[in-house]
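A quick write-up on the structure given underneath.
One-based numbering, in listed order, for ligands and for the atoms of each. Keep in mind that what you see is a predicted model, and the values were worked out from it rather than measured.
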Amino acid sequence: AMLFLDLDRFKNINDSLGHHVGDALLQEVAKRLTNDMRLEDTVSRLGGDEFIMLLSDMGKEPSNAASQTQVKAEQVQRNLSKPYKVLGHDLHITPSIGVALFPSDDDPNEDSNDILRQADTAMYRAKDDGRDAIRFFLPSMQAAADQRLGIEKDLRFALDRQEMSLFFQPQVDREGRIVGAETLLRWLHPEKGYISPADFIPVAEATGLILPIGHWVLEMSCRQIKAWNDQGMPIGHLAVNVSPRQFRQPNFIREIHQIIKQTGADADQLGLELTEGMVIDNIGDTIEKMQALKIMGIELSIDDFGTGYSSLAYLKRLPLDIIKIDQSFVRDIQTDESDAAIVETIISMAHHLGLKVIAEGVETDFEYNFLNQRDCGGYQGYYFSRPVPEKEFTIMLKANKKLPIIEG
Ligand code: C2E
Ligand code: CA
Ligand code: CA
């Protein structure tokens, strides 16, 4: 994505306070822009009060890329709009931001000048719409970004309106017996129907709404552990997804402590699923937190393993229990030799490190047999069961019969 930024009414500052103040403000703006960047991004000043940000890797799927970019642009907008203290003056300024996404399907031959022009055009639209705004060049991308804003608005009330619920997906052993489950969040929107967590978790993460939502998921999951215990059908463990922002909260450990105490759940039955990215971000803090959780008896897994960039050296240092092989590898076991090799390698590496393995997204007989032959201990996927509501899961748990495994 290319963001074209122009500061609103910057000329007023130059004219009224002098160019030296304007210059110092521009330097301050540049500082804030670079603070917002990831390593792979680029910021430059085009001239005057015009800046450009080049964001790479915003996602392959266009509408998803649009919403990711909207999130990023909002963050930039917020940061630039905070008060400035420049050469003794208290200043306030807002940006108008135009966005172009590339490469576009419409015109594969577009070059950097085309993209710059598109972002510039979109920026003028932001100015026309009253400044301090974000506009996309393509109407379809604007629609995707607007939809994201709609989700954000509704998400603020979703918990209070009791639109959220938990589904549970069994995790089974080699014989197909339920040994645990993963909690998966569901949002039933009053107009739009079910919205996938893949669509609203990133929004929740970007807006901070993940904190109350994540708290609720943890609390409800612990209550569920307790309820199954009370009904005489204890679950081996219930794994809850934790998002990066949640995990990075300084009081995260205390929060977990409190929830366990309040709900009367057994910490030994609670699991947390972390992702590679969040673990690596701040390795010192991460290890400390993971150790504290482990001492409480909580089982820790690395989710979507193989999709991040974590090195094996890190893995060795982390107090982990489980590695979850990402479903993208499992899906291609049959068709892609290198994915099959990766899966094999992950399993044997995990064994060497004394870790359990759960394969995600197991859908077919072939996948199950392949994994079974390589001594994968745990399985999760549609082959055994989809994520189901509490009632349905409780029935399965009660029977705790083997889930169907078709020999093949
Ligand atoms: P995930 O943690 O990797 O969860 C597994 C996803 O794969 C789930 O999608 C599940 O329904 C789906 N799945 C399970 N078995 C199969 C299979 O055999 N084939 C295929 N194709 N898919 C399968 P879901 O429920 O839509 O969740 C998507 C993602 O949203 C999750 O990915 C997780 O990252 C996030 N998420 C879900 N619930 C929560 C939550 O409570 N908190 C946080 N922070 N994130 C959550
Ligand atoms: Ca997960
Ligand atoms: Ca996963």
Q. Between G22 and F10, what is the shortest heavy-atom contact and its length?
A. O-CZ, 3.5 Å
Q. Do other residues, nucleotides or ligands put more than 12 heavy atoms under 6.0 Å from the NE2 atom of H92?
A. yes
**Q.** Side chain, backbone, both or neither: S243 near ligand 1, heavy atoms under 4.0 Å
**A.** both
Q: Return yes when atom OH of Y124 has more than 12 non-hydrogen atoms of other residues, nucleotides or ligands closer than 6.0 Å, and no otherwise.
A: no
Q) Can we call the ring centroids of Y368 and F384 under 6.0 Å apart? A) yes
Q | V240 contact mode with ligand 1 (heavy-atom cut-off under 4.0 Å) | A | neither
Q. Are any of the N/O atoms in D304 less than 3.5 Å from those in ligand 1?
A. yes
Q) What atoms of ligand 1 come closer than 4.0 angstrom to any heavy atom of E360? A) 3 (O)
**Q.** For N241 against E182, the heavy-atom pair lying closest together
**A.** ND2-OE2, 2.8 Å
Q. Hey, which N, O or S atom on D303 ends up closest to the Ca ion (ligand 2)?
A. OD2
Q) E182: which N/O/S atom is nearest the Ca ion (ligand 2)? A) OE2
Q) For ligand 1, is R331 a contact, meaning one of its heavy atoms is under 4.0 Å away? A) no
Q: Give a yes or no on whether N241 keeps an N, O or S atom under 3.0 Å from the Ca ion (ligand 2).
A: yes
Q: Could you check atom 21 (N) of ligand 1 against the protein and tell me its nearest heavy-atom contact, residue, atom and distance included?
A: E363 OE2, 3.0 Å
Q) Looking only at heavy atoms, which two atoms of V71 and A206 are closest? And how far apart? A) CG1-CB, 3.2 Å
Q: Check whether any side-chain N or O of Q327 sits under 3.5 Å from a backbone N or O of V330 as a donor-acceptor pair, and report yes or no.
A: no
Q) Closest N/O/S atom of E360 to the Ca ion (ligand 3), by atom name? A) OE2
Q. Hey, looking at atom 43 (C) of ligand 1, which of V217, L184, N241 has the closest heavy atom?
A. N241
Q. Given Q77, which of L5, L3, T94, D132 fulfils the side-chain contact (heavy atoms from CB on, under 4.5 Å) condition?
A. D132
Q. Does P387 have a heavy atom less than 4.0 Å from any atom of ligand 1?
A. yes
Q) What is the name of the N/O/S atom in D304 that sits closest to the Ca ion (ligand 3)? A) OD1
(Q) Suppose I only count heavy atoms of Q327 and a 4.0 Å limit; which atoms of ligand 1 are within that range? (A) 5 (C), 6 (C), 7 (O), 12 (C), 13 (N), 20 (C), 21 (N), 22 (N), 23 (C)
Q) atom 36 (N) of ligand 1: which protein heavy atom is closest, and how many Å away? A) P197 CB, 4.0 Å
Q: Give every residue pair that meets the salt bridge (Lys or Arg N to Asp or Glu O under 4.0 Å) criterion with at least one member in residues 231-257, sequence neighbours excluded.
A: R248-D281
Q: Working to the nearest 0.5 Å, report the span between CZ of F51 and OG1 of T34.
A: 9.5 Å
(Q) Give me the residue, atom name and distance of the protein heavy atom closest to atom 38 (N) of ligand 1. (A) L185 N, 3.1 Å
Q: Taking all non-hydrogen atoms of both residues into account, name the closest pair between T307 and E276 and its distance.
A: N-OE2, 3.4 Å
Q.
I need the H215 NE2 to M220 CE distance, nearest 0.5 Å.
A. 11.0 Å
Q | Residues, nucleotides or ligands: over 12 heavy atoms within 6.0 Å of K192 NZ | A | yes
Q: For G381, counting its heavy atoms only, list the atoms of ligand 1 lying under 4.0 Å from any of them.
A: 15 (N), 18 (O)
Q) Can you tell me the N, O or S atom of E273 that's nearest the Ca ion (ligand 2)? A) OE1
Q) What residue and atom, counting heavy atoms only, is the protein's closest point to atom 15 (N) of ligand 1, and at what distance? A) Q169 NE2, 2.9 Å
Q) Looking at atom 32 (O) of ligand 1, would you say a protein heavy atom lies below 4.0 Å from it? A) no
Q.
Is the contact between E182 and ligand 1 made by the side chain, the backbone, both, or neither, using heavy atoms and a 4.0 Å cut-off?
A. side chain
Q: Please say whether D303 places an N or O atom under 3.5 Å from an N or O atom belonging to ligand 1.
A: yes
**Q.** Nearest heavy atoms of Q171 and H237, plus distance in Å
**A.** OE1-NE2, 2.9 Å
Q: Determine whether the side chains of D8 and S96 contain a donor N or O and an acceptor N or O closer than 3.5 Å.
A: yes
Q: Nearest heavy atom to atom 13 (N) of ligand 1 wins, so pick from Y382, F167, W187.
A: Y382
Q: Look at atom 9 (O) of ligand 1 and say whether a protein heavy atom is found at less than 4.0 angstrom from it.
A: no
Q | Contact with ligand 1 for E205, non-hydrogen, under 4.0 angstrom | A | no
